[in-house]
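Take a look at the structure below.
The basis for the numbers below is simple: all heavy atoms, side chains too, and nothing from hydrogens, waters or symmetry mates. Along the sequence shown, the residues carry numbers beginning at 1.
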Amino acid sequence: MAFRFNFCIDENESNEPEAHDKMCFPKCKQDSIEKSKQTPDTAADPSLRLGTEKHQEEMLSKTKFCFKAAKEHSIPKDLDKVLENKVMETVSGLYYIKMSVVEMMCLDGADREGIVSKSVSSHSDLIPGVYEGGLKIWECTFDLIDYFSEAKIQFTNKTVLDLGCGAGLLGIVALRGKAEKVHFQDYNSTVIDEITLPNAVANCTNKGSRMGSGDNRTTSKPPSKRPRNAECLPDVLTKCSFFSGEWSEVSRLLLSSNKPFSKYDIILTSETIYNPDYYSALHNTLAQLLDKNGRVYLASKAHYFGVGGGIYLFEKFIEERNVFRTSIVKTIDKGLQRCIMEMAFKDSS
């Protein structure tokens with residue numbers, strides 16, 4: 001069976017996102033700044049130019065980080081509707097929603113955020129502060145899934161967070177591994193509602209006893225529309241929670257909630273360190289939400305050309321903060337180098 005992987009669009013020859021796709025301030029503001037630099041009056045009056053430059057710096061400072069309010073998404077009671085009109089595909093024994101069908105549905109009005117139309121119009125899979133790539137399944141996700149099997153990572157009775165989840169395949173693998181609780185987070189609410197949650201529902205069926213099976217490389221013929229519901233479906237979904245919003249906002253929501261909250265034994269994240277501007281927010285989120293003896297498993301390309309992020313730059317950032325210890329546990333040299341990093345608190349056992 002041939003599988004179709006939606007890794008990304010508009011990439012250069014190195015299979016990496018272009019720089020303009022990952023800048024953290026809107027292009028209109030960039031254009032405004034460039035025009036102000038060319039204004040004759042500022043060139044003639046140094047004091048005016050100084051004031052303008054200060055204003056530019058303030059603008060850049062305000063737009064450097066993009067905050068989006070966090071919210072928890074409820075699981076619909078009618079699970080048939082979650083999978084209604086969805087077309088499924090499979091990879092590594094996992095069901096996932098066919099992304100192209102979701103994109104067409106979103107263009108027809110299913111996307112309140114408008115991220116699909118904005119992505120199409122800008123020819124970009126990443127619009128910082130608007131859309132952070134959750135409509136694609138990125139390459140390193142499969143590297144991390146493979147590593148779980150190779151390293152025999154145990155999820156049984158663990159609390160797990162799939163951070164920047166997108167399709168949610170990492171969290172679904174944890175569910176298959178009998179995790180006690182799995183939380184999914186993505187920047188965009190559209191991604192959670194139209195992709196992550198349906199994927200979780202599709203993989204929580206009892207058909208073939210996929211949940212908890214040991215071989216996550218086994219593939220099966222995908223259904224033409226959707227898998228049938230199973231008796232155990234609601235029980236498995238009670239282990240799941242779904243959140244959208246920016247990392248620091250999600251952390252604040254979890255830590256201030258009236259619901260009991262226990263920190264995560266395992267945090268999984270893939271291709272979330274492409275932009276160095278996000279490193280501080282990511283570091284703080286991991287530090288706030290990881291259990292004192294927990295582990296983070298992070299998958300990334302060695303370098304994201306044109307953007308500046310990558311595994312080694314992030315590793316240096318972590319070392320300078322002196323909160324976590326890190327280890328590159330796997331390197332994939334086929335094509336552009338990719339890595340798996342394990343992180344733990346320095347004072348953990």
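When every heavy atom of Cys140 is checked against every heavy atom of Arg338, the shortest pair comes out as SG-CD, 3.7 Å. Taking both residues in full, the closest heavy atoms of Ile195 and Ala167 are given as CG2-CA, 3.7 Å, listed atom of the first, atom of the second, then distance. Between Pro198 and Val82, the closest heavy-atom pair is CA-CG1, 3.6 Å.
Taking the six-membered ring where the residue is Trp, Phe184 and Phe242 present parallel rings, their angle staying beneath 30° rather than reaching 60°. Using a 30° and 60° split on the angle between ring planes, Phe345 and Phe324 fall in the parallel class, below 30°.
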Inset, instruction - Would you check, one step at a time, whether the test salt bridge (Lys or Arg N to Asp or Glu O under 4.0 Å) holds for Lys68 with Glu113? - result: CA-CA 12 Å; Lys68 189 178 184 70; Glu113 292 176 295; 3.1 Å; yes
Inset, instruction - Carefully, step by step, assess Arg252 and Glu249 under the rule salt bridge (Lys or Arg N to Asp or Glu O under 4.0 Å). - result: CA-CA 5 Å; Arg252 185 177 294 109; Glu249 295 295 306; 2.6 Å; yes
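Of the possible donor and acceptor atoms, none in the side chain of Ser92 sits under 3.5 Å from a partner among the backbone N and O of Leu94. The closest donor-acceptor contact from the side chain of Asp265 to the backbone of Thr159 lies under 3.5 Å. For the pair Asn203 (side chain) and Ile172 (backbone), a donor-acceptor distance under 3.5 Å is absent. Listed for the Lys178 side chain is no donor-acceptor partner under 3.5 Å among the backbone atoms of Asn157. The main-chain N or O of Ser248 is found under 3.5 Å from a side-chain atom of Glu246 such that the two form a donor-acceptor pair. Side-chain atoms of Gln185 come within 3.5 Å of backbone atoms of Gly164 as a donor-acceptor pair (strictly under, hydrogens ignored). Of the possible donor and acceptor atoms, one in the side chain of Ser251 sits under 3.5 Å from a partner among the backbone N and O of Trp247.
Side-chain contact between Leu298 and Ile311: present, with at least one pair of heavy atoms (C-beta onward) separated by less than 4.5 Å. A 4.5 Å side-chain heavy-atom check between Lys86 and Val101 finds every atom pair outside the cut-off.
Only one option out of Tyr279, Tyr304, Tyr274 pairs with Phe314 in a ring-ring contact (aromatic ring centres under 6.0 Å, His included); it is Tyr279. Checking each of Lys118, Lys136, Lys98 against Glu103 for a salt bridge (charged side-chain N to carboxylate O under 4.0 Å, His left out) leaves exactly one that passes, namely Lys136.
Judged purely by distance below 3.5 Å, without hydrogens or angles, the side chains of His73 and Ser244 pair a donor atom with an acceptor atom.
In this structure, CD1 in Ile332 is found 4.0 Å from CG in Asp143, a value given to the nearest 0.5 Å.
When the shell of 6.0 Å around NZ of Lys346 is examined, it contains more than 12 heavy atoms from other residues, nucleotides or ligands.
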